[in-house]
Number of protein chains: 2
Amino acid sequence: MNILVCDDDKAIVDAIGIYLENEGYQIFKASNGVEAIEITQENEIHLVLMDIMMPKMDGIRATMKIREDHNIPLIMLSAKSEDYDKILGLNIGADDYITKPFNPLELIARVKSQLRRYTTLGSLEMKTNVYQTGGLVIDDERKVITVDGEEIHLTPVQYKILKLLIANPGKVFSIEEIYEKVWNEPAYNPENTVSVHIRKIREKIEINPKEPKYLKVVWGVGYKIEKI
Amino acid sequence: MNILVCDDDKAIVDAIGIYLENEGYQIFKASNGVEAIEITQENEIHLVLMDIMMPKMDGIRATMKIREDHNIPLIMLSAKSEDYDKILGLNIGADDYITKPFNPLELIARVKSQLRRYTTLGSLEMKTNVYQTGGLVIDDERKVITVDGEEIHLTPVQYKILKLLIANPGKVFSIEEIYEKVWNEPAYNPENTVSVHIRKIREKIEINPKEPKYLKVVWGVGYKIEKI
DNA sequence: GAAAATCTTAAGAATTACATAAAGAGTTTG
DNA sequence: CAAACTCTTTATGTAATTCTTAAGATTTTC
């Protein structure tokens, strides 16, 4: 995420820059409105922190100018704590207003809040939880499994075992581990039980169960899903 | 635009209500978190103003709960001006934070700022509130359900269940999930209750309830509406 | 290459989850 | 306040899944 920090006081720009870089953001710096506009035009900026009082072009006019072309979140930053300025700033298109001096943690929280809204809006629950290896796909939200595009049906236990394995592709799970993770209880005599389920899963997902392509045994250790 | 104002101090709710109604907004009022959640579920709310300290359920928990289902702008409103609370509020999903006492003009400016962002961003969501799959259509605005053009009648609980499922087509919901989302309370012994309602819904929306076309069971997991 | 260990396969019994019907409790409506 | 409707509970039937048992096949060990 790229953030533009614009203030004529270089010390403030640097300080904010350090806080935000610690959070993993990429920082662009400007010291007046003209520079800020140029930077937004030449780079993909995801959020702007804009001081109001600046030489050349002040933050209010710069904000209006930026808003002509961009819809990114913009937080105003100013020593003026008078309400009139806040209201003006918010009315011309700022998304938030922070008065100096400010608590760095609050600044970061507000930046994150704006970015969260900007990036996740409309995509509430876009996490689809899909695991895949080779032609084997498992959609955990819809509880649907497909092999080479063809939908197959697994029973609940079979599904849980397969999901455990495919969620950690390549990792070998012992029979005890599988039993405990899937059943959520200590394994009593899991060998046969688990192996029967493995068999059933193979019947369904493997073209040739004798030579499994996905669900492989590791002799004396356990089973794994091959990472393809 | 509908705005929910939630505060246990009725005087504040009314005052805010007057300011916002003057701006042309429709106001909904709640005096604690539980009421707030109910209102967001039963009405189309576009913005929430949420106090933090309230009886029954505080604003922090109410915000988290609302965020599970809704992505609308939410402004926190609190006498606590300590930074910690601001940061917490913003981090759990609030879009803004205003400390009491506040300037009404600032409040309005922040409300407008949030709504501007919410409505213009991503051409937001001319949410039609009409869900459809195959010949099954549910118009949540008018609360009307049709199957192949023919209108059918569902009871409130049946309606909520069906809406939950069809709003997330293909997604499987466990019986517990259904119970908790629809009844808004922890599931005590939901199996029978839910399955009876499922039966009733099927009687009404399925041509042949024995072989449901829309409302399918996923064995050992839950129910889903088939995405057609 | 034989013995031991590990894994695979099959089928039926036991268990669990779901479907359905019907009755009683609670709620709303006229 | 009675009728109608809705929701929940109980009981029973049905279908799907899981477990157990046990024999056969494969791999490893000595």
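Predicted model only: the values in this text are computed from it and were never measured.
Ranking C/dT8, D/dT17, C/dA19 by closeness to the B/Val217 side chain, first place goes to C/dA19.
Contact record, B/Lys29 with B/Ile27: CG-CG2, 4.0 Å, taken as the closest heavy-atom pair.
Straight-line distance from the CD atom of B/Glu203 to the C1' atom of C/dA22: 12 Å, rounded to whole Å. Remark: P of D/dA16 and NZ of B/Lys210 are 12 Å apart, rounded to the nearest angstrom. Separating the CG atom of A/Leu162 from the C1' atom of D/dT17 is a distance of 17 Å, rounded to the nearest angstrom. Put simply, CD on A/Glu211 is 14 Å from C1' on C/dT8, counting in whole angstrom units. We find that NZ of B/Lys216 is positioned 17 Å from C1' of C/dA19, with the value rounded to whole Å. Distance, B/Ile198 CD1 to C/dA21 P: 16 Å, rounded to whole Å. Look at CD1 on A/Ile175: it is 15 Å from C1' on D/dC19, rounded to the nearest Å. In this structure, CG of A/Leu215 is placed 13 Å from P of C/dC7, rounded to the nearest angstrom.
Shown here is A/Lys143, whose NZ atom has more than 12 heavy atoms of other residues, nucleotides or ligands within 6.0 Å. Within a 6.0 Å radius of NZ in A/Lys227, no more than 12 heavy atoms belonging to other residues, nucleotides or ligands are found. Surrounding CD of B/Glu150 are at most 12 heavy atoms belonging to other residues, nucleotides or ligands under 6.0 Å away. Counting non-hydrogen atoms of other residues, nucleotides and ligands closer than 6.0 Å to CD of A/Glu185 gives a total above 12.
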Q.
Each nucleotide in nucleotides 7-14 of chain D should get exactly one letter: B, S or -. Can you fill that in based on protein heavy atoms under 4.0 Å?
A. SBBB----

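Distance CD1/A/Ile3 to NE2/A/His46: 10.0 Å, rounded to 0.5 Å. Taking CG from A/Leu107 and CG from A/Leu49, the interatomic distance works out to 5.5 Å, rounded to the nearest 0.5 Å.
Listed pair A/Arg199 / C/dC7 fails the phosphate criterion, with no side-chain N or O lying under 4.0 Å from OP1 or OP2.
Judged by distance alone, the side chains of B/Asp140 and B/Tyr159 do bring a donor and an acceptor atom under 3.5 Å apart.
Proximity of residues 219-228 of chain A to DNA chain D (heavy atom under 4.0 angstrom from any strand atom) is restricted to A/Trp219.
Using a cut-off of 4.0 Å between Lys/Arg side-chain N and Asp/Glu carboxylate O, B/Lys181 and B/Glu177 are scored as not salt-bridged.
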